[in-house]
Amino acid sequence: MCAVAPVASEDEAKAFIARIQTAHPKANHHVPVYLLGDDDHIQRASDAGEPAGTAGVPMLHTLQEMGLHDVVAVTTRYFGGIKLGAGGLIRAYAGSITAAVQQAGISQRRMMRQLTLSVPYALLDRVTHFLAEQSLAISASDYQVVVTLKVNVPAGEAAAVSRSILDLTAGKVTPQSGHLIPSLIPVTQ
């Protein structure tokens, strides 16, 4: 079985590996791999007691062929009494990571800018309709004298979205630009 997760640092990758090993203390092998950085400047793979080159390296190559970055995976194997041989081990470990990634899905890390909108009730439908048309989800809302909406927008699009909201509301809603937030956005496969 294979567990896979996005990570932002080597410490996160090591902590994930430790959690999987702790969750399956009786397994014969926990084969960890991870790639970090857009250029994969940190790459780690271990065969974890399997014959050299039959476990970690095939898993690492599979992640690279899939074009994934900032990811950790651990394949856990309990010995089932059948000897797979080198070719069988390579296929099993590479296949485990392919199946895990397909099941988990792929996300892209993007920087988002949080916009805060103070919207009069009379303009709420217009603004929420615009946000829905732009596929911009409201991350928080507070209904008081005016409605305060928080919306995460791709960082490069924040200025254009702000201008559009200003135009849409004839200047009655002025988006306030907030923090940059790293977010994982699912990629359609």
Side-chain angles (χ1 to χ4, degrees), residues 1-80 83-115 135-137 139 150-159 177-189:
M1 52 192 150
C2 183
V4 62
V7 289
S9 70
E10 197 162 9
D11 287 341
E12 281 184 35
K14 289 176 181 178
F16 179 82
I17 293 164
R19 280 194 307 276
I20 299 301
Q21 290 170 332
T22 300
H24 300 279
K26 294 184 179 181
N28 296 78
H29 302 279
H30 296 286
V31 177
V33 297
Y34 54 91
L35 294 168
L36 293 168
D38 291 339
D39 60 352
D40 298 333
H41 64 276
I42 298 175
Q43 301 179 22
R44 301 288 184 266
S46 169
D47 288 317
E50 295 285 21
T54 62
V57 171
M59 289 173 60
L60 187 67
H61 286 159
T62 300
L63 289 175
Q64 291 168 329
E65 288 170 1
M66 295 174 111
L68 300 180
H69 309 282
D70 298 327
V71 63
V72 60
V74 180
T75 296
T76 300
R77 184 168 90 93
Y78 289 85
F79 182 67
K83 298 211 181 253
L84 300 176
L89 286 171
I90 291 169
R91 285 187 298 280
Y93 280 104
S96 73
I97 203 159
T98 299
V101 169
Q102 287 173 345
Q103 185 172 357
I106 297 174
S107 296
Q108 180 181 39
R109 188 181 311 266
R110 292 187 62 192
M111 293 305 290
M112 305 293 273
R113 173 78 62 190
Q114 186 176 72
L115 298 180
S135 299
L136 298 171
S139 61
K150 297 214 183 265
V151 181
N152 295 332
V153 178
E157 299 171 22
S177 184
H179 306 321
L180 278 174
I181 303 164
S183 297
L184 291 176
I185 309 299
V187 175
T188 306
Q189 295 180 350

Holding to side chain to side chain donor-acceptor pair (under 3.5 Å), I want the full list of residues that pass it with [X], two or more places apart in sequence or in another chain.
X      : value
Asp39  : His41
Lys14  : none
Gln114 : none
Gln64  : Gln43

So, taking the atom named [atom1] in [X] and the one named [atom2] in [Y], what distance separates them when rounded to the nearest 0.5 Å?
X      : Y      : atom1 : atom2 : value
Thr98  : Leu63  : OG1   : CG    : 8.5 Å
Leu180 : Arg110 : CG    : CZ    : 12.5 Å
Asp47  : Met59  : CG    : CE    : 10.0 Å
His179 : Lys150 : NE2   : NZ    : 8.0 Å

Taking side-chain contact (heavy atoms from CB on, under 4.5 Å) as the definition, give me every residue that meets it alongside [X], ordered by chain and number, with sequence neighbours left out.
X      : answer
Pro51  : Thr54, Leu89
Ala18  : none
Ser96  : Cys2, Thr75
Ser183 : Met112, Ile181, Ile185

query: Would you say the side chain of Leu60 lies within less than 4.5 Å of the side chain of Ser46, judging by non-hydrogen atoms?
result: no
task: Would you confirm whether Asp70, through its side chain, and Ala8, through its main-chain N or O, come within 3.5 Å as a donor-acceptor pair?
output: no
Donor-acceptor pairs under 3.5 Å, side chain of residues 29-36 to any protein atom, not counting sequence neighbours: which ones?
{"unit_1": "His29", "atom_1": "ND1", "unit_2": "Ala48", "atom_2": "O", "d": "2.9"}
{"unit_1": "His30", "atom_1": "ND1", "unit_2": "Thr76", "atom_2": "OG1", "d": "3.2"}
{"unit_1": "His30", "atom_1": "NE2", "unit_2": "His24", "atom_2": "O", "d": "3.0"}
{"unit_1": "Tyr34", "atom_1": "OH", "unit_2": "Glu10", "atom_2": "OE2", "d": "2.7"}

Do you know which two heavy atoms are closest between [X] and [Y], and how far apart they sit?
X     : Y      : answer
Ala3  : Ile20  : CB-CD1, 3.6 Å
Val4  : Ala104 : CG1-CB, 4.0 Å
Ile97 : Ala73  : CD1-CB, 3.4 Å

message: I need the full list of salt bridge (Lys or Arg N to Asp or Glu O under 4.0 Å) pairs touching residues 48-58, with sequence neighbours left out, sorted by first then second residue.
response: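 Counting only pairs at least two positions apart or across chains, the salt bridge (Lys or Arg N to Asp or Glu O under 4.0 Å) contacts touching residues 48-58 are Glu50-Arg77.
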